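Accompanying notes for the structure given below.
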Amino acid sequence: MHPIVIIGTGLAGFNTVKEFRKLDKETPIVMLTADDGRNYSKPMLSAGFTKEKTADDLCMATPEKVAEQFNVDVRAGVHVAGIDAANKRVLLPDDHLDYSKLVLALGADTWTPPLEGDAVGEVFSVNDLMDYGKFRAAVDGKKTVTILGGGLIGCEFANDLSNGGFQVSLVEPMGRCLPLLLPEQASEAVGRGLADLGVQFHFGPLAKAVHHGDNGQLVTELSDGSKLESDVVLSAIGLRPRISMAKEAGLDTNRGILTDKTLRTSADDIYALGDCAEVQGHVLPYVLPLMASARALAKTLAGDTTEVSYGVMPVTIKTPACPVVVCPAAEGSEGDWEVQADGNTVQALFRGKDGSLLGYALTGEAVKEKMKLNKELPAVMP
Ligand SMILES: Cc1cc2nc3c(=O)[nH]c(=O)nc-3n(C[C@H](O)[C@H](O)[C@H](O)COP(=O)(O)OP(=O)(O)OC[C@H]3O[C@@H](n4cnc5c(N)ncnc54)[C@H](O)[C@@H]3O)c2cc1C
């Protein structure tokens, strides 16, 4: 019997193994990962300074420890080259591995804007623990950081790096913080909270180029002609589900790798979950949906085919300078924001035409309303 093969040792891959081993202690499992295989919680990467944790502190278990604890064969530093779905094997650089069932927990790639300049190669993005180790080494002893992007990851890093004593400049072309997640008044509250920590915003222009300047500084050139000098530049523009390997193997993909509610892809015995997956139209790159997916998939892999359901899935954004909880309405929902604002406390309710609550954004003191509002919201995917 060939093993269950899981590609990815992020939270999706790891939690699938953890849940599966509660049901089945013996079936052989091989986990493959291109990174160093250390187990860590990715959301902590944008709270490292606030919690005073280095990359090594954030490692919860070495691959050897995971292997022993869960009776799995963890192979780190292995870049899977492709999938031969017809013959049920994954293609390794110089070899192949047969599987009985394959789980794709491939995550998402950082998307870097098409920048010019001779220092583009020095722009950091932080999407895993190894990236974080390199970034921490680069900012060590430095004072100033330019962040490209004011979404969840950019705003969290702006808060965290400010807490770490860095002077932060943040560039966001869409003109406000968290533009895709929050209505305007809530964005403004987050912006004020971060500005009070000293974050300098450059709302409107795009970053065009990053050059080497004097004294080891980097110069970020914006589309309005302004130039920002800093020691380090961090790109937090966005993430895209890793679909290319699945697509090349002939699996159906859209924004993510397409699955049904049992997390099965269009190919027999291949499943996908986490940031790489599009589960019945839902691309939800957050921890709560991947935990629900891991629990359902573990049952399916153990022989009891189970559909995942997503309840209400609030996202807490780690900007302690202005706390934020957001529950976005389902894509394409029609309705209007109803906003009450008092300083940095904003309660924004997204209501459908019939008055029903479809989503919310809460900042400051209003985050306390979360539990009450969650009871009113429809499940994301019943
Ligand atoms: C800075 C930051 C803060 C965040 N904060 C929050 C938060 O507060 N709350 C929240 O809900 N979510 C948060 N998120 C999102 C959350 O962390 C992700 O949704 C989650 O970690 C994704 O897990 P994953 O296992 O799907 O992917 P990943 O953790 O990206 O794992 C992907 C795995 O696939 C492997 N892989 C990929 N391609 C190959 C290949 N070809 N060969 C071999 N291995 C391969 C990689 O090596 C890796 O092991 C945050 C994300 C970031 C970046």
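Each ligand, and each atom within it, is numbered from 1 in the order the structure gives. Quick caveat, the model's predicted, so the values are computed rather than measured.
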| Contact between Val78 and ligand 1, counting heavy atoms under 4.0 Å? | yes
| Where is the nearest protein heavy atom to atom 25 (O) of ligand 1: which residue, which atom, and how far? | Ala12 N, 2.9 Å
| Close side-chain approach of Leu222 to Thr220, heavy-atom, < 4.5 Å | yes
| remark: Counting from 1 in the order shown, the ligand 1 atoms closer than 4.0 Å to a non-hydrogen atom of Gly274 are 26 (O)
| field | Sole residue of Leu58, Asn127, Thr54 in side-chain contact (heavy atoms from CB on, under 4.5 Å) with Tyr132 | value | Leu58
| Which option, Cys276, Gly37, Ala81, Pro43, owns the non-hydrogen atom nearest atom 50 (C) of ligand 1? | Pro43
| field | Nearest-contact summary for atom 3 (C) of ligand 1 - protein heavy atom, Å | value | Ser46 OG, 3.4 Å
| said: Do Ile147 and Val168 make a side-chain contact, defined as non-hydrogen atoms from C-beta onward lying under 4.5 Å apart? | reply: yes
| N/O separation below 3.5 Å, Thr33 to ligand 1 | yes
| message | Among Ile153, Asp36, Val287, which one puts a heavy atom closest to atom 2 (C) of ligand 1? | response | Ile153
| Options Thr316, Asp109, Leu290, Ile6, ranked by nearest heavy atom to atom 20 (C) of ligand 1, top entry | Leu290
| request: State which residues pass side chain to side chain donor-acceptor pair (under 3.5 Å) with Arg89; sequence neighbours excluded, sorted by chain then number. | output: His96, Asp98
| Option nearest atom 51 (C) of ligand 1 (shortest heavy-atom distance, choices Met313, Met245, Lys42, Glu156) | Lys42
| message | Please list the nearest protein heavy atom to atom 26 (O) of ligand 1 with its residue and the distance rounded to 0.1 Å. | response | Asp275 N, 2.9 Å
| query | Which residue and non-hydrogen atom of the protein lie closest to atom 37 (C) of ligand 1, and at what distance in Å? | reply | Leu106 O, 3.3 Å
| Identify the closest protein heavy atom to atom 15 (C) of ligand 1: which residue and atom is it, and at what distance? | Pro285 O, 3.4 Å
| With a cut-off of 4.0 Å, which atoms of ligand 1 are near a heavy atom of Gly8? | 33 (C), 34 (O), 35 (C), 49 (O)
| said: If you define the side chain from C-beta out and look only at heavy atoms, does anything of Thr146 sit under 4.5 Å from Leu218? | reply: no
| task | Might you work through the salt bridge (Lys or Arg N to Asp or Glu O under 4.0 Å) test for Lys134 and Asp128, ending with a clear yes or no? | result | CA-CA 10 Å; Lys134 289 183 207 142; Asp128 61 36; over 6 Å; no
| task | Answer yes or no: does an N/O atom from Leu45 fall short of 3.5 Å to an N/O atom of ligand 1? | result | no
Name each donor-acceptor pair under 3.5 Å that joins a side chain in residues 310-321 to protein atoms two or more places apart or in another chain, with its distance.
from   : atom 1 : to     : atom 2 : distance (Å)
Tyr310 : OH     : Ser293 : OG     : 3.2
Lys318 : NZ     : Pro43  : O      : 3.2
Lys318 : NZ     : Glu156 : OE1    : 2.9
Lys318 : NZ     : Glu156 : OE2    : 3.3
Thr319 : OG1    : Cys322 : O      : 3.0

| Considering only protein heavy atoms, which is closest to atom 27 (O) of ligand 1, and at what distance to one decimal place? | Gly107 CA, 3.3 Å
| field | Min N/O separation Asn127 to ligand 1 under 3.5 Å | value | no
| Going by atom types only, do Gln280 and Asp260 share a side-chain donor-acceptor pair under 3.5 Å? | no
| query | Hey, which atoms in ligand 1 end up nearer than 4.0 Å to a heavy atom of Val80? | reply | 40 (C), 41 (N), 42 (N), 43 (C)
| request: Flag Ala34 as yes when one of its N or O atoms lies below 3.5 Å from any N or O atom of ligand 1, and as no otherwise. | output: yes
| field | Subset of ligand 1 atoms that lie under 4.0 Å from at least one heavy atom of Gly10 | value | 25 (O), 29 (O), 31 (O), 49 (O)
| field | Any N or O of Leu11 closer than 3.5 Å to N or O of ligand 1 | value | yes
| Within 45° of the axis and under 6.0 Å from the centre of the six-membered ring of Phe49, does NZ or CZ of Arg136 qualify? | yes
| query | Between Asn374 and Tyr360, is any side-chain donor less than 3.5 angstrom from a side-chain acceptor? | reply | yes
| message | Looking only at side-chain N and O atoms, does Thr50 offer a donor or acceptor that is under 3.5 Å from a partner on Asp160? | response | yes
| Which atoms of ligand 1 are found less than 4.0 Å from any heavy atom of His79? | 41 (N), 42 (N)
| request: Report the member of Met31, Lys318, Met291, Arg75 with the shortest heavy-atom distance to atom 8 (O) of ligand 1. | output: Lys318
| field | Output field: ring centroids Phe70/Phe20 closer than 6.0 Å | value | no
| message | Hydrogens and angles aside, do Asn159 and Ser162 bring a side-chain donor and acceptor to less than 3.5 Å of each other? | response | no
| message | Do the side chains of Asp304 and Lys299 get close enough for a salt bridge, i.e. N-O under 4.0 angstrom? | response | no
| Heteroatom proximity flag, Val126 to ligand 1, N/O under 3.5 Å | no
